[in-house]
Amino acid sequence: MTLDRAAGLAESARALAAGEVTSRALVEQSLARIDATQSTLNAFRVVRAERALAEAEAADKELAAGVRRPLLGVPVAVKDDMDVAGEPTAFGCQGEFPAVAQDGEAVRRLRAAGAVVVGKTNTCEFGQWPFTEGPAFGATRNPWSAAHTPGGSSGGSAAAVAAGLVSAALGSDGAGSVRIPASWTHLIGIKPQRGRISTWPRGESFQGITVNGTLARTVADAALLLDAASGNHALDPHRPPAVDACEAVGRDPGRLRIALALKPPFTALPARLQPEVRAKVVELAEKLAALGHTVEEADPPYGQIGLTFIPRATVGLAERVGEAPFPALLDRRTRDAARLGRLLGGVPLRAARRAEAVLHRRIGAFFTSYDVVLAPTTAAPPPRIGALLSLGGLATDRAMIAACPYAWPWNVLGWPGVNVPAGLVGEGLPVGAQLLGPANSEPLLLSLAAQLEAELRWHEAWPPVPHIATDSPAA
């Protein structure tokens, strides 16, 4: 027996524990879907077919012996910036990379929960851009429209989940890189509190602005993967207090004060919220009001927060470029941004890091008046494949800021945010909205997201592309 692609992470775990399906059957099914779509969707950089099947058989033996773990035998995927023992970590770059010896901490914890990692998903070069394309692996396409990007930089993970190749996947988010592709592929995307999911073997990724997060079709599945991957390496510098994400999903959020924040945060280049996206976010605000919450337009006091983001992002990139085994193969935009990072690595970086405490106090005070911020995840629907690939550096920055001006401030703050689907616009393209909170507010955000999901049933909608992840009648 196999399961329908709509079964999801929690249902797959339940069916395995009940003996209704084997891990080998689920992994075979996942691998078959990946194989059937790789030439078109192109979600994966590495497919671990033989190793995943061997791990599935080991999981089946444990299940038969009565062992129970949260994800025992369930196939999942991880982004190709995370170390998986025996596989390369190319992070979107060209060249032949050696296999790494050890799992990163997040992957180690997924395995400890029993998950089977079927592969590593595509991401753009060092995760810099909101599209998943490059000379190293080609273009990853959006299951909702093959002519459009799924976003980035966790575009491969988002495409794999949206198409039903796996029921959930890990991504990483340094300026919206989980939330943006989640919004553009109709998924839940959780950017957790900094340190919630370890980024070890790096104590901090990109000077602390990048965190690991989860993508899934439902709030419960995204929360389950979050709980499974959460925790710290002994040397992690950020160790937030534990939360129970799964428990929060079933909790009534109560009546909340919600700030509808439609104005783009400070940007050095112009950004405008497109009317069709604005309308969908306002519809969500109206639904929240109908559920009994108090919703009013108000914008967090961001100030010139962008001045603190740029040094951290570019210095973090310069560190990665300095370690790159094939620097001559890197995109010119990557090399130029790294050059800027090397210039900003002294006083500007220290000032940017010190400013975080000031921002915490100022924006934290906003949460004495409001419990949650509702904001657009992006200002526009997903662009077409190739639209940003060949642009120069400044043109790429302009296009990114025009499309995605909303997500990155929460990376500076290190606080949680959850993308929820907001509907389809134009040619049937998904857009999303963010639920944003103060430090360690994942339980509140997830309970609110689950309340919305129960009303809107967004997980029942599937991409219309006919050749992606279709099941035979016997599946």
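Treat the numbers as computed from the prediction; the structure is a model and nothing was measured.
- Trp129 and Thr396 share no side-chain donor-acceptor pair at under 3.5 Å.
- Side chain to side chain, Asp83 and Thr89 meet the donor-acceptor criterion of an N or O pair below 3.5 Å.
- Salt bridge absent: Glu87 and Lys120 never bring a charged side-chain N and a carboxylate O closer than 4.0 Å.
- The shortest side-chain heavy-atom distance between Arg108 and Gln102 does not fall under the 4.5 Å cut-off.
- Classification of the Phe206-Phe91 ring pair by plane angle, with boundaries at 30° and 60°, yields perpendicular.
- The line from CD1 of Ile401 to CZ of Arg272 is 16.0 Å long, rounded to the nearest 0.5 Å.
- The two atoms that bring Val418 and Ala449 nearest to each other are CG1-CB, 4.4 Å, heavy atoms only.
- Under the 3.5 Å distance criterion, with hydrogens and angles disregarded, a donor-acceptor pair is assigned to the side chains of Thr334 and Gln128.
- Atom CZ of residue Arg194 and atom CZ of residue Arg239 lie 15.5 Å apart, to the nearest 0.5 angstrom.
- Considering Val117, Val100, Leu170 as possible partners of Met82, the one that fulfils the side chain to side chain contact (heavy atoms under 4.5 Å, CB included) test is Leu170.
- A side-chain donor-acceptor contact under 3.5 Å links Ser172 and Lys79.
- Geometric assessment of Arg179 against the ring of Trp410 yields a negative cation-pi assignment under the 6.0 Å and 45° thresholds.
- Scanning both residues, Ala43 and Leu165, for their nearest heavy atoms gives CB-CD1, 4.3 Å.
- Using a 4.0 Å cut-off between charged nitrogen and carboxylate oxygen, Glu276 and Lys280 do not count as a salt-bridge pair.
- Separation of atoms CG (Asp80) and OG (Ser154) is listed at 11.5 Å; rounding is to 0.5 Å.
- A salt bridge between Glu204 and Arg353 is present, with a side-chain N of the basic residue lying under 4.0 Å from a carboxylate O of the acidic one.
- Glu453 and Val219 make their closest contact through OE2-N, 3.0 Å (heavy atoms, listed as atom of the first residue, atom of the second, distance).
- Side chains of Ser205 and Arg320: a donor-acceptor N/O pair is present below 3.5 angstrom, by distance only.
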